[in-house]
Amino acid sequence: MLQKPKGTYDIYGDKTLEMLYFRKLAEVLMDKYNAKYFETPIFESSELFHRGVGETTDIVSKETYDFKDRGNRNLTLRPEGTAGIVRSFIENKLYAESLPLKIWYLGPMFRYERPQAGRYREFYQFGVEAFGSNDPIMDAEVIGIVVNLFKILGLKGVSVNINTLGDKESRENYRKALVKYFKPYLKDLCDDCQRRYEKNPLRILDCKIDSDNEIMKKAPKMIDYLNEISKKHFDKVKEYLDVMGIDYKVNSNIVRGLDYYTHTVFEVQADIKGFGAQNTLAAGGRYDHLVEFIGGPSVPGVGFALGLERLFLALQAENIDIKEKICPDVYIFGTDIEQKGNVLSLANDLRMAGFNVDIDYNGKSFKSNFKYADKIGAKYIIIIGEEEVKTRVLTIKNNITKEEYKIELDVVINFLDEKLGEEDED
Ligand code: HAM
């Protein structure tokens, strides 16, 4: 039997309900921030991610799905959303329109990682990217979106961890300090860290293997290498988070696995008991040079992305059910196959009048039709026979209370409107 590729999953049943609920929630929340929805291609030129995310990052060096199309172009399935949004922002010259511009997206991303709970090869991210403000107020606003989202969902076991990587100058000073510090300990670090030392020493701090190592714990801290501008920026971010009543911790080990960050970086972790190792629900930060780096003008940006699978796991761990079942208002079937046309025509009229309608396509028996209506959760059942067609009076059955009504065909819509409206008010 053919099977789905490793690290992927199908969305159906309860998963569909969760996904659709989340999308609706995101739409409503994003309107509140005047953020605009974007969709960019699932694949982009490989160069975009190499340049954007960074050649030395794990994502680009080990995890991308790269392929050549039939025209010999080097393409990559997007491992994250930021680079594509930045490309679109530049290509569509959105920098020439009124800024700041807040953008949101929701879609599949692809990384060749070792699959485990909360880690997939195809996974969904909800993300926000805000362009055109280098003010720390935007950093706080973006962090606030994640916090508010969790609040709306009622998720409690989350903590916001923030750090700063400073501006270019501070980062360079810090890089030098790290190189000097790690040099005598190089042989004690893992192979990956030895490589990182050469290419991007900051990433050593992000190492999962060496994280408990004493050498790591005593490493210089970014906070001590910040210049005035960077310090001020970070202080303001914290001040604005305080103003919004957002709890956070400053965690100097957050350096992030992507190269594009400057100043603020943050991760929102699930602190739920028994939650797996993949506990970073959302992560992001500021990227003041990425737009320029990818070939656009100098426009600052800040954003985050949230992994939907991990969010759903966290909600499950806290017994929060977001599955909103959508059931048909009406199920219609005919007494015999002669009625199929009448069934179809009534269903069509009711759907166009705004009702959710399902019908019997297969000519099932009475018993099977009632069973099926129960299974799909139909609220009302309409049976059409010769008599109904002749008299133009329908028997409508409330499938929950089992009450029956005789209603003239011409006023069926009014009747259902009234009845279903009453139920909504209950
Ligand atoms: P990231 O930290 O690579 O950042 O990913 C963000 C979130 O995506 C993670 O915290 C996690 O919830 C989810 N995620 C990542 N990889 C996987 C996976 N293999 N399976 C399931 N979930 C996963 C970014 O992607 C940046 N683009 C965030 C950003 C936006 N920074 C600025 N703007």
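This structure is a prediction, so every number in the text was calculated from the model and none was measured. Atoms within a ligand are numbered from 1 in the order they appear, just like the ligands themselves.
- More than 12 heavy-atom neighbours from other residues, nucleotides or ligands sit within 6.0 angstrom of NZ on Lys364.
- Residue pairs meeting the salt bridge (charged side-chain N to carboxylate O under 4.0 Å, His left out) criterion with at least one member in residues 3-26, sequence neighbours excluded: Lys24-Glu324.
- Within 4.0 Å of ligand 1, the residues that place a heavy atom are Glu80, Thr82, Arg111, Glu113, Gly118, Arg119, Tyr120, Phe123, Gln125, Glu129, Arg256, Leu258, Tyr260, Tyr261, Thr280, Leu281, Ala282, Ala283, Gly284, Gly285, Tyr287, Gly303, Phe304, Ala305, Gly307, Arg310, listed by chain and number.
- For the ring pair (Phe, Tyr, Trp, His ring centres under 6.0 Å) test with Tyr287, the passing option among Phe293, Tyr260, Tyr261 is Tyr260; the others fail.
- Side-chain atoms of Lys402 do not come within 3.5 Å of backbone N or O of Lys397 as any donor-acceptor pair.
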Atom pairs and distances, side-chain donor-acceptor, residues 153-162, under 3.5 Å, sequence neighbours left out:
from	atom 1	to	atom 2	distance (Å)
Ser159	OG	Asp271	OD2	3.0
Asn161	ND2	Gln269	OE1	2.7

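- Listed by chain and residue number, Asp329 satisfy the salt bridge (Lys or Arg N to Asp or Glu O under 4.0 Å) test with Lys379 (two or more places apart in sequence, or in another chain).
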